[in-house]
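Data first, discussion second: the structure below is written as structure tokens.
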Amino acid sequence: MDYHVNIRLLPPKLNIKKARRDPAVPLWAAEDDVWICSYPKSGNTWMRFCLANLLRPAEPADFRAVNDLIPDIYRLNKGNFSKGSRSRYLKSHEVFRPDYRRVLYLCRDPRDVLVSYFHYSRKQEDIADDMTIAEFAEIFLEGNVPARSAGSWAENVGSWLGARRSSKSFLVLRYEDLLANPHARLAQAARFLGIPFTDEMIAGAIEASAADKMRAIEAREADNDPALRKRRDIPFVRNATSGGWRKELPAPIARKVEQRWAPLMRELGYLN
């Protein structure tokens with residue numbers, strides 16, 4: 001079955017602004033910047049929590065600390081990204097950029113990404129509340145989501161793999177592998193990023209960044225964070241699992257994603 005959609009974004013002015021927002025940071029990207037990159041809803045926030053708890057093990061991270069230690073480029077401006085205050089670690093959802101020299105790239109099964117992005121878009125009021133997941137799938141497949149500079153899932157993931165696959169300054173981690181073996185994968189990320197650690201520090205960072213703890217932090221900070229305060233009935237930190245698409249995504253939509261992006265999904269181990 002084919003699905004057709006009339007995109008309904010609410011409110012129009014807010015969403016036009018979001019869709020066209022230009023990240024300020026890449027204009028001042030420096031050679032020694034380290035980038036935590038991903039397509040939206042692929043585990044970037046969780047990884048940043050883990051890294052923040054690794055960088056400051058004595059101070060359990062909250063959303064504010066994470067944004068201080070590993071800023072989101074879409075929430076920065078030239079004033080707070082001057083040379084004197086530039087952070088070494090930065091979060092981005094951009095497609096491949098040659099000025100991002102050292103990149104930790106997170107990827108996730110696009111079927112799970114679709115489901116997570118749908119709920120996130122409802123929380124942020126980027127789509128009409130009566131938009132179905134089948135309708136959202138159409139704009140997701142074309143890359144017409146609110147974070148327009150991210151492109152589609154395949155454009156984003158494929159651009160980075162195609163450009164940097166064999167580079168020593170590029171590391172790909174799958175969200176599913178982080179879930180299955182967080183200790184080994186966080187240690188791998190820390191070595192790549194040059195963050196000193198011990199096994200005890202890795203274990204502590206993982207424990208402090210557990211989904212239930214992140215949800216508790218979200219509840220405490222929701223009033224003061226624009227990414228958290230909308231639609232309190234829809235959590236920012238959801239299930240933190242893999243394979244949830246099997247329950248939430250209609251079979252025809254799942255097949256459509258698989259047919260569209262089969263080669264890349266197979267390469268990453270998401271299809272047999």
Item to check | N/O donor-acceptor pair under 3.5 Å between N53 side chain and F49 backbone | outcome: yes

Item to check | Whether S121 side chain and Y117 backbone form a donor-acceptor pair below 3.5 Å | outcome: yes

Checklist entry - Knowing that exactly one of Y74, W35, W160 qualifies, which makes a side-chain hydrogen bond (donor to acceptor under 3.5 Å, both in side chains) with E94? => result Y74

Next on the checklist: Does V257 form a side chain to side chain contact (heavy atoms under 4.5 Å, CB included) with L114? I'd like the steps, not just the answer.
Outcome noted: CA-CA 9 Å; V257 174; L114 194 166; 3.8 Å; yes

Kindly give the heavy-atom pair with the smallest separation between [X] and [Y], and that separation in Å.
X: D130; Y: E135; value: O-OE1, 4.1 Å
X: L104; Y: F192; value: N-CE2, 3.8 Å
X: P250; Y: E248; value: CD-O, 3.5 Å
X: G243; Y: D112; value: N-OD2, 2.7 Å
X: L54; Y: A190; value: CD2-CB, 3.6 Å
X: R48; Y: K91; value: NH1-CD, 3.4 Å

Between [atom1] of [X] and [atom2] of [Y], what distance do you get to the nearest 0.5 Å?
X: F63; Y: N67; atom1: CZ; atom2: CG; answer: 8.5 Å
X: R122; Y: F136; atom1: CZ; atom2: CZ; answer: 11.0 Å
X: S209; Y: L186; atom1: OG; atom2: CG; answer: 8.0 Å
X: L264; Y: C107; atom1: CG; atom2: SG; answer: 8.5 Å
X: Y89; Y: I36; atom1: OH; atom2: CD1; answer: 8.0 Å
X: E207; Y: C50; atom1: CD; atom2: SG; answer: 11.0 Å

Co-membership, hydrophobic cluster, residues [X] and [Y], 4.5 Å side-chain:
X: L69; Y: I206; result: yes
X: W245; Y: M131; result: yes
X: F170; Y: V95; result: no
X: I127; Y: I133; result: yes

So does [X] pair up with [Y], basic N to acidic O under 4.0 Å?
X: R102; Y: E31; value: no
X: R101; Y: D33; value: no
X: D62; Y: R64; value: no
X: E258; Y: R266; value: no

Taking the side chain as every heavy atom from C-beta outward, state whether [X] and [Y] have any pair of such atoms under 4.5 Å apart.
X: Q259; Y: M265; value: no
X: L268; Y: L161; value: yes
X: L179; Y: R174; value: no
X: C37; Y: H93; value: no
X: R108; Y: Y39; value: no

Checklist entry - For V103 and L171, what are the C-alpha separation, side-chain angles and deciding distance, and is it a side chain to side chain contact (heavy atoms under 4.5 Å, CB included)? => result CA-CA 7 Å; V103 175; L171 175 65; over 6 Å; no

Next on the checklist: For W153 and W261, take the angle between the two ring planes, folded into 0 to 90°, and tell me which bin it lands in: parallel under 30, tilted 30 to 60, perpendicular over 60.
Outcome noted: tilted

Between [X] and [Y], a side-chain donor and acceptor under 3.5 Å:
X: E176; Y: S242; result: no
X: Y105; Y: N44; result: no
X: Q188; Y: R185; result: yes

Checklist entry - Would you say the ring centroid of F118 lies under 6.0 angstrom from that of F140? => result no

Item to check | From CA spacing to verdict: side chain to side chain contact (heavy atoms under 4.5 Å, CB included), L178, L106 | outcome: CA-CA 10 Å; L178 286 166; L106 303 167; 3.9 Å; yes

Checklist entry - Within 45° of the six-membered ring axis of Y120 and under 6.0 Å from that ring's centre, is NZ or CZ of K41 located there? => result yes

Item to check | salt bridge (Lys or Arg N to Asp or Glu O under 4.0 Å) between E142 and R260, intermediate numbers included | outcome: CA-CA 10 Å; E142 298 303 323; R260 178 73 67 91; 3.2 Å; yes

